[in-house]
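Okay, so here's the structure we're looking at.
Side chains are part of it too, since the values below use all heavy atoms of this structure and drop only hydrogens, waters and symmetry mates. Atoms within each ligand, like the ligands themselves, are counted from 1 in listed order.
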Amino acid sequence: MKLAIISDIHSNLEALKTAIEYAAKTGVNEIVCLGDIVGYGANPNECINLIKTHCKKVLLGNHDSSAIGKNSLNTLNLYGRKAMEWTINQLSDENREYLLSLPMILIENNLTFVHSSTFEPEKWNYIMSPEDAKPLFDTLTNSLCFIGHTHVPGILCEDLKTIQFNKDHRYIINAGSVGQPRDGDPRTCFCIFDTDNWTISHIRLDYDFYNTQKKIIDAKLPKFLAQRLTSGF
Ligand code: ZN
C-alpha cells in the first residue's frame with residue numbers, strides 16, 4: 001500500500017492540485033494530511049474542499065488552529081497574522097466547523113501522524129534537530145512519526161548510528177511543505193511511504209506558482225507571501 005503524506009498546504013491550490021494529481025497517477029492508495037491547510041495563500045476554502053474530498057485522515061495545524069480561534073494570532077509572524085485575519089473572514093461556516101473537528105494526533109497501524117510534535121502538541125514546537133526531536137522520541141509509542149510544520153523535508157533517526165532503515169528503530173519523517181517550501185527548493189514537496197517494503201520517497205514537483213502569486217497579490221495579502229514562492233524560502 002502506498003501512502004502519500006502531505007503537509008503545510010497554506011491555501012496554495014495549484015500546489016495541492018499538483019500533489020493530488022501525482023498521487024492519483026502513481027497508484028497512491030491513501031493521502032494523509034498533516035495540517036496547515038490554510039494561512040498565507042489566497043484559496044483557503046478551495047483547499048479545504050479538496051482535502052475533504054481526498055483525505056480521510058487530516059490533522060490540525062497551528063494556522064488551522066488560529067483560523068478557528070484556538071491558537072492566538074500573536075504566535076504567527078507579521079505576514080502570517082495579516083494573512084490569517086484575511087483567512088478568518090474568508091472561511092465558510094462549514095469549513096470552520098470542519099477545521100474544528102480535526103484531531104491533533106492520530107496513531108494508527110503503528111504509525112503516528114502529527115503536525116508539530118507528540119510532546120506538548122498544543123505548543124507547536126519546531127523539530128529541526130536531534131535535540132528538538134528528543135522529547136518527541138520520548139513520547140513516541142511506535143516506529144514511525146510523520147510531521148510537518150517546519151516546511152523542511154527530512155528524516156530524523158533516534159539512533160544516529162543507524163545507517164539502514166530498520167523496523168526495530170524509530171524515525172521522525174518530515175513530509176516538507178506542499179504550498180510553501182522553505183528549504184530553498186520552490187517545488188511542491190511531500191512524501192510517499194510504501195507500507196509493504198518500508199521505503200519513503202520525498203517527491204518534488206513543479207507547479208504553476210505564478211498563478212498562486214497573482215492570486216495572493218490580487219487578494220492584497222502581503223507581497224512577501226507571493227515572492228517567497230519563487231525562492232522556496
Ligand atoms: Zn505551516
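Its side chain within the 4.5 Å cluster rule, Trp86 clusters with Tyr40, Tyr79, Tyr207, Phe209, Tyr210, Ile216, Leu221, Phe224, Leu225, Leu229 among the Ile, Leu, Val, Met, Phe, Trp and Tyr residues. As a member of the Ile/Leu/Val/Met/Phe/Trp/Tyr network built from side-chain separations under 4.5 Å, Phe233 groups with nothing else and remains a singleton. Counting side-chain heavy-atom gaps under 4.5 Å among Ile, Leu, Val, Met, Phe, Trp and Tyr, the cluster of Met128 also holds Tyr126.
Asp218 pairs in a salt bridge (charged side-chain N to carboxylate O under 4.0 Å, His left out) with only one of the listed residues (Lys220, Lys215, Lys214), which is Lys214.
More than 12 heavy atoms of other residues, nucleotides or ligands lie within 6.0 Å of CG in Asn77, so this atom counts as buried by the packing criterion.
Protein N/O/S atoms found under 2.8 Å from the Zn ion (ligand 1), listed by chain and residue number: Asp8 OD1, His10 NE2, Asp36 OD2, His151 NE2.
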Criterion salt bridge (Lys or Arg N to Asp or Glu O under 4.0 Å) on Glu30 and Lys57, from CA distance to verdict: CA-CA 9 Å; Glu30 185 176 358; Lys57 298 186 183 96; 2.8 Å; yes
